[in-house]
Number of protein chains: 2
Amino acid sequence: MRLLLIEDERELANALSAALSRQGIVTDHALNLGDALELTLQNTYDAILLDRRLPDGEGLTFIPKLRRAGVDTPVIVLTARNEPMERVEGLDLGADDYLGKPFLIEELMARVRALLRRPPTLEEQTIRVGRLHIDPLHLHVMAGSVPLDLPRRELLVLQALAKRNGKTVLRSTLEDAVYNYQEEIQSNALDAHISRLRKRLADANAGVSIHNIRGVGYLLREE
Amino acid sequence: MRLLLIEDERELANALSAALSRQGIVTDHALNLGDALELTLQNTYDAILLDRRLPDGEGLTFIPKLRRAGVDTPVIVLTARNEPMERVEGLDLGADDYLGKPFLIEELMARVRALLRRPPTLEEQTIRVGRLHIDPLHLHVMAGSVPLDLPRRELLVLQALAKRNGKTVLRSTLEDAVYNYQEEIQSNALDAHISRLRKRLADANAGVSIHNIRGVGYLLREE
DNA sequence: CTGCCAGGATTGCAACAGCATTACGGGGAT
DNA sequence: ATCCCCGTAATGCTGTTGCAATCCTGGCAG
């Protein structure tokens with residue numbers, strides 16, 4: 001783990017560095033905001049410890065600067081000013097945590113650990129076939145850059161087909177995907193949906209087509 | 001935004017819920033850990049506010065239980081015990097933040113905002129659709145350069161739609177975004193909000209419209 | 001090669017679930 | 001006292017969907 005400590009009091013900085021080092025944490029140290037910005041752009045840190053009072057300005061102003069530069073490393077603000085409203089200000093400027101001096105090294109460590117534990121954002125995965133982008137999580141379909149609004153049942157059919165991209169989907173599987181066990185169908189309703197879906201895909205110039213395997217099922221594939 | 005508050009003092013809980021509600025946050029309330037666990041497994045919260053002293057046990061023990069159940073919702077611990085070492089203990093058990101009572105609502109809000117800021121990129125802090133600028137953190141909506149004051153529930157609807165800009169939001173998801181589980185609606189209240197919101201957006205010449213996908217949900221789209 | 005047929009495709013239609021809108025009134029906030 | 005939010009319900013509307021009638025097609029048997 002690697003931290004950037006931005007702190008102008010050398011004595012405190014050294015003590016912190018030493019303590020962190022004993023925990024197996026590597027600490028880079030900047031004495032002012034100018035140096036700090038340079039360091040953050042050249043390196044990647046797991047977290048940044050930021051003092052508010054610094055020779056070249058108020059520490060908090062550093063956070064928006066960082067963010068604008070596309071750096072989203074978590075920031076913990078260290079400060080003597082520990083009034084509630086000050087904390088609000090700090091947090092709203094983009095700090096991830098706020099720690100009033102004096103503090104125990106253990107608490108700092110615990111807060112760093114808490115920050116690092118936060119899960120990274122999980123990517124939403126979208127299925128791509130032809131010019132279609134299908135986002136099953138958000139029930140969203142795009143044909144190229146144009147959104148494709150599908151009625152409920154057609155959407156279900158398309159999703160079921162897309163999930164097994166290119167592979168044949170049994171007719172019965174499709175039926176299960178579109179109808180729950182309470183809903184009985186006694187007609188070719190499914191065929192009707194397929195037909196209507198085909199038309200819509202063609203109209204949208206989706207670049208895919210629904211192919212039938214006689215007696216087995218359907219599959220979705222690029223044209 | 002939707003929170004779970006785990007707190008046995010009804011009075012405090014009600015006060016908090018009211019305050020949060022005024023900030024556009026929907027709060028579910030559990031009086032004990034048992035209820036809380038059930039709720040967390042049934043719903044998805046943006047964050048959990050957890051008291052330490054609870055009728056059926058120490059609140060902190062709840063966190064590992066949650067994590068084992070695969071729930072990684074951020075937890076903010078609220079407590080009278082605010083000694084540094086106690087805080088360390090809480091954070092190491094998996095809490096994401098720690099707030100000593102008494103606290104200002106503002107600070108709680110700031111800490112919640114800090115937590116929620118993580119997953120979406122910082123760029124997305126203010127959402128833009130058409131001529132609308134929506135700042136979900138500060139609950140502020142602008143149509144062009146004119147501020148648009150929306151009633152609470154309509155704001156919640158708009159926010160929920162905007163967060164998934166352009167993508168379909170399930171009806172049920174919208175309901176969860178606007179109502180907590182205690183508030184049962186047995187009418188088309190949601191439809192009514194949508195209708196009224198539509199009118200306001202049109203009057204404000206917002207350049208966006210709410211589109212319905214029959215049987216699925218709604219989405220927000222530029223005109 | 002031809003005819004037959006089961007399975008598939010298409011499409012009009014009517015029913016209905018789902019949606020939109022609006023008026024009303026209770027209740028909370030100012 | 002006033003205003004506005006918000007839930008409710010009545011009313012009218014609309015697109016989806018199940019169905020069925022009809023047409024099409026591929027595969028197989030003779």
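Keep in mind it's a predicted model, so treat the numbers as computed, not measured.
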Chemist: Would you state whether a donor and an acceptor, one from the side chain of A:Asn188 and one from the base of D:dA20, lie under 3.5 Å apart?
Modeler: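 Indeed, a donor on one side and an acceptor on the other fall under 3.5 Å apart.
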
Chemist: So, B:Arg53 and B:Thr79: side-chain donor and acceptor under 3.5 Å apart, yes or no?
Modeler: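 Their side chains do not contain a donor-acceptor pair, so the 3.5 Å distance test is not met.
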
Chemist: In whole angstroms, how far is the P atom of C:dG18 from the CD1 atom of B:Ile210?
Modeler: 20 Å

Chemist: Which residue, B:Leu190 or A:Ala189, contacts DNA chain D at a nucleotide closer to its 5' end, judged by nearest heavy atom?
Modeler: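 Nearer the 5' end of the strand: B:Leu190.
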
Chemist: If you measure from CG on A:Leu155 to CG on A:Asp149, what distance do you get to the nearest 0.5 Å?
Modeler: 10.0 Å

Chemist: Using OP1 and OP2 only, check whether a side-chain N or O of B:Tyr179 sits under 4.0 Å from D:dG7.
Modeler: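 Checking D:dG7 against B:Tyr179, a side-chain N or O does come within under 4.0 Å of OP1 or OP2.
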
Chemist: Would you tell me if any nitrogen or oxygen in the side chain of B:Arg171 comes within less than 4.0 Å of OP1 or OP2 on C:dC19?
Modeler: yes

Chemist: Which part of the nucleic acid, if any, lies within contact of B:Glu154, taking any heavy atom under 4.0 Å across all strands shown: a base, the sugar-phosphate backbone alone, or nothing?
Modeler: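 The answer is nothing, as B:Glu154 stays clear of every strand by at least 4.0 Å.
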
Chemist: Atom CZ in A:Arg171, atom CD1 in A:Ile194: separation rounded to 0.5 Å?
Modeler: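 That separation rounds to 7.5 Å.
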
Chemist: Could you state the atom-to-atom distance from CG of A:Asn212 to P of D:dG27 in whole Å?
Modeler: 10 Å

Chemist: Hey, is the side chain of A:Tyr218 poking within less than 4.0 Å of OP1 or OP2 on C:dG7, counting only N and O atoms?
Modeler: no

Chemist: Between B:Leu219 (CG) and C:dC19 (C1'), how many Å, whole number?
Modeler: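 In whole Å, C:dC19 C1' and B:Leu219 CG are 14 Å from each other.
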
Chemist: Round to the nearest Å and state the distance from B:Leu197 atom CG to C:dA20 atom P.
Modeler: 12 Å

Chemist: Report yes if a side-chain nitrogen or oxygen of A:Ser195 is closer than 4.0 Å to either non-bridging phosphate oxygen (OP1 or OP2) of C:dA9; otherwise report no.
Modeler: no

Chemist: Figure out the CD1/P separation between A:Ile213 and C:dA6, and round it to whole Å.
Modeler: 21 Å

Chemist: Is there a donor-acceptor pair closer than 3.5 Å between any side-chain N or O of B:Arg221 and the backbone N or O of B:Val208?
Modeler: no

Chemist: Go through the N and O atoms of the side chain of A:Arg196 and the base of D:dG18, and report whether any donor-acceptor pair is under 3.5 Å.
Modeler: yes

Chemist: Is A:Asp191 touching bases, backbone alone, or none of the nucleic acid, heavy atoms closer than 4.0 Å?
Modeler: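 Base, at least one base heavy atom under 4.0 Å.
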
Chemist: At less than 4.0 Å, is any side-chain N or O atom of A:Arg198 found next to OP1 or OP2 of C:dA9? Yes or no.
Modeler: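 Yes, because at least one side-chain N or O of A:Arg198 sits under 4.0 Å from OP1 or OP2 of C:dA9.
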
Chemist: Is any side-chain N or O of B:His193 closer than 4.0 Å to OP1 or OP2 of D:dC5?
Modeler: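 Result: no.
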
Chemist: Between D:dT16, D:dG7, D:dC5, which nucleotide gets closest to the side-chain atoms of B:Ser187?
Modeler: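 For the B:Ser187 side chain, the nearest candidate turns out to be D:dG7.
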
Chemist: Output the rounded distance in Å from CZ (A:Arg152) to C1' (D:dG18).
Modeler: 13 Å

Chemist: Using heavy-atom distances to pick each residue's nearest nucleotide on DNA chain C, tell me which of B:His211 and A:His211 is more 5'.
Modeler: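 This one resolves to A:His211.
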
Chemist: Give a yes-or-no answer on whether the side chains of B:Tyr98 and B:Arg111 include a donor-acceptor pair shorter than 3.5 Å.
Modeler: no

Chemist: Considering just the side-chain nitrogens and oxygens of A:Arg153, establish if one lies under 4.0 Å of OP1 or OP2 belonging to D:dT16.
Modeler: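 Checking D:dT16 against A:Arg153, no side-chain N or O comes under 4.0 Å of OP1 or OP2.
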
Chemist: Between atom CZ of B:Arg2 and atom CD1 of B:Ile25, what is the distance when rounded to the nearest 0.5 Å?
Modeler: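 Between atom CZ of B:Arg2 and atom CD1 of B:Ile25 there are 12.5 Å.
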
Chemist: Rounded to whole Å, how long is the line connecting atom CG of B:Asp149 with atom P of D:dC5?
Modeler: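 One finds 9 Å between P of D:dC5 and CG of B:Asp149, rounded.
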
Chemist: Roughly how many Å is it from CD1 in A:Ile194 to C1' in C:dG8, rounded to a whole number?
Modeler: 10 Å

